[in-house]
Number of protein chains: 4
Amino acid sequence: MAKEFKTSKPIYLQIADHVFQKIIREELKPGDKLPSVREMAVLMGVNPNTIQRTYSEMERMGVVETRRGQGTFIVENSEIITELKQTIQLEVISSFVKKMKDLGFSKEEMIANLKSYLERGEK
Amino acid sequence: MAKEFKTSKPIYLQIADHVFQKIIREELKPGDKLPSVREMAVLMGVNPNTIQRTYSEMERMGVVETRRGQGTFIVENSEIITELKQTIQLEVISSFVKKMKDLGFSKEEMIANLKSYLERGEK
Amino acid sequence: MAKEFKTSKPIYLQIADHVFQKIIREELKPGDKLPSVREMAVLMGVNPNTIQRTYSEMERMGVVETRRGQGTFIVENSEIITELKQTIQLEVISSFVKKMKDLGFSKEEMIANLKSYLERGEK
Amino acid sequence: MAKEFKTSKPIYLQIADHVFQKIIREELKPGDKLPSVREMAVLMGVNPNTIQRTYSEMERMGVVETRRGQGTFIVENSEIITELKQTIQLEVISSFVKKMKDLGFSKEEMIANLKSYLERGEK
DNA sequence: GTGGTCTAGACCACA
DNA sequence: GTGGTCTAGACCACG
């Protein structure tokens with residue numbers, strides 16, 4: 001399916017993002033089973049080691065849990081998802097604000113420039 | 001002085017960013033001489049080779065020029081500053097937008113969330 | 001094998017030229033894998049860092065791409081070969097013309113002298 | 001007069017070329033006196049050390065001779081000039097031919113490509 | 001003194 | 001295994 005990866009970011013994290021987006025779009029819901037490591041490896045066209053890392057990372061983040069002999073599942077606790085989204089968003093925004101401030105932009109300019117970027121058309 | 005670097009980004013690029021910010025803040029102006037490779041290495045607490053790489057990269061970007069046996073200088077072309085600011089800003093904003101989009105936010109939400117973050121007080 | 005380098009030009013660029021020639025002669029084709037950094041270092045009798053630099057430079061020129069953990073490959077784009085040949089040829093010719101002009105030769109003399117050299121038999 | 005130098009070639013050699021061209025154009029003839037090192041340094045806007053090197057190099061090539069207490073002069077032997085021109089030209093042409101051959105061009109192509117380059121307009 | 005190149009050897013993330 | 005980064009220390013041409 002998706003065989004092209006950016007070179008700038010580790011593939012295992014790109015795949016995690018991919019799964020994470022499916023969760024956000026509710027294509028994957030709490031309790032759903034993820035494909036096995038081997039299946040996913042074939043699906044994504046990568047080495048199983050890479051998927052293993054993806055699953056480990058997602059488990060570390062508390063998004064996913066592995067049940068011995070059964071597979072990997074989205075955690076039942078649905079709050080974790082929204083919490084996670086909040087946390088990541090906060091990081092993204094505060095990092096953005098910091099960088100723009102370093103460039104010498106005021107709060108108003110940040111918003112204005114963001115708007116004009118979005119209006120110029122997305123990518 | 002500045003001896004702490006993030007682990008995620010190469011040190012030689014972090015130092016380049018550091019110089020760029022000085023340029024943007026006009027602490028460094030067109031024609032100014034940068035510290036010699038060896039001096040800068042001591043200042044930043046890294047190996048001279050690392051600074052060498054920083055300077056090479058900045059020269060490749062057209063921000064800096066080396067004059068044989070004399071040192072490394074900010075290019076005389078004064079447009080470079082605004083160009084640099086534009087380029088960096090574009091990177092920052094597009095990266096922000098991409099990440100927010102991945103989190104499932106619409107354009108309107110991005111702006112709204114940024115506003116509310118800024119109103120809550122900066123960090 | 002090839003252990004002799006000119007002193008005038010950086011070794012890492014001489015090795016790049018060496019690879020370019022293999023590409024032009026089609027001993028290396030789009031998609032082909034280059035020797036690993038360490039292998040090439042042994043082959044050319046230089047330090048791995050030097051090869052690293054060669055590969056970086058070639059990637060910056062768009063001739064080569066690296067795939068994480070797999071190695072360095074000639075880019076798939078097959079136009080690259082003709083482009084490369086064009087670019088190098090342009091450099092060679094314009095450098096030649098410049099030098100001959102500095103020696104005080106007119107265009108007609110350049111051509112005439114080149115012809116007579118070629119007719120005397122190549123070296 | 002000439003204060004801009006290419007970064008690719010040592011300044012002391014660029015100045016030697018400059019003098020050499022004057023000789024070819026007969027603005028400087030055998031027996032003529034060159035400006036003193038200090039004068040020339042001011043003229044070219046460089047460090048006297050650099051001119052010193054230029055003169056040494058030209059003396060090594062047999063184009064120039066220094067007479068103690070009098071200065072630096074173009075050698076009286078006028079053959080040396082034409083010989084020198086011949087030698088350099090031979091180097092330039094044979095190097096050009098070698099490089100073009102490496103690129104896979106036949107003799108006819110070398111001439112044809114040189115012609116078309118020259119017709120496209122000089123720089 | 002300046003930047004540019006190179007070696008030797010190390011550690012790292014990634015696949 | 002792969003490439004990418006970094007340190008330590010050296011030599012060079014140039015000004």
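Quick note on labels: first sequence line is chain A, next is B, and so on, each numbered from 1.
At a threshold of 4.5 Å between non-hydrogen side-chain atoms, the residues B:Y55 and B:T66 do not count as touching. Counting only heavy atoms from C-beta outward, the side chains of B:F96 and B:M100 approach each other to under 4.5 Å. Side-chain contact between A:K33 and A:T72 is absent, with no heavy-atom pair separated by less than 4.5 Å.
Between B:M40 atom CE and E:dG3 atom P the separation is 10 Å, expressed in whole Å. Counting to the nearest Å, the P atom of E:dG4 and the CD atom of C:E57 are 14 Å from each other. The distance between atom CD1 of C:I15 and atom C1' of E:dT7, rounded to the nearest whole Å, is 13 Å. One interatomic measurement links the two molecules: CD1 of C:I51 to P of E:dA8, which rounds to 13 Å at whole-angstrom precision. Remark: P of F:dT7 and CE of B:M44 are 11 Å apart, rounded to the nearest angstrom.
In the helix from E:dG1-F:dC14 to E:dC14-F:dG1, the end axes, each obtained as the rotation axis mapping the C1' atoms of four pairs onto the next four within a five-pair block, lie 10° apart to the nearest 10 degrees.
Listed pair B:S36 / E:dG1 fails the phosphate criterion, with no side-chain N or O lying under 4.0 Å from OP1 or OP2.
Checking side-chain atoms of D:T50 against main-chain N and O of D:Y12 turns up no donor-acceptor pair under 3.5 Å. A donor-acceptor contact shorter than 3.5 Å is absent between the side chain of D:Q21 and the backbone of D:H18.
The shortest heavy-atom contact between B:T54 and B:A16 is CG2-N, 3.6 Å. Minimum interatomic distance between C:R60 and B:R60 (heavy atoms only, all atoms of both residues): CD-CD, 3.1 Å.
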Acceptor/donor pairs from residues 77-87 of chain B side chains to any protein atom, 3.5 angstrom cut, sequence neighbours excluded:
from  : atom 1 : to    : atom 2 : distance (Å)
B:N77 : OD1    : B:E79 : N      : 2.8
B:T82 : OG1    : B:E79 : O      : 2.9
B:T87 : OG1    : B:E83 : O      : 2.8

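Interface remark: the C:Q52 side chain does not form any donor-acceptor pair with the F:dG3 base, using a distance-only criterion of under 3.5 Å.
Among the heavy atoms of the strands lying under 4.0 Å from B:V46 are primed sugar atoms or P, OP1, OP2 only; no base atom is included.
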task = Go through the steps to decide whether C:F20 and C:I88 satisfy the test side chain to side chain contact (heavy atoms under 4.5 Å, CB included), and finish with yes or no.
result = CA-CA 9 Å; C:F20 291 162; C:I88 297 178; 4.1 Å; yes
remark   = 5' to 3', nucleotides 10-15 of chain E under a 4.0 Å protein heavy-atom cut-off (B base, S sugar-phosphate only, - none) gives ----BS
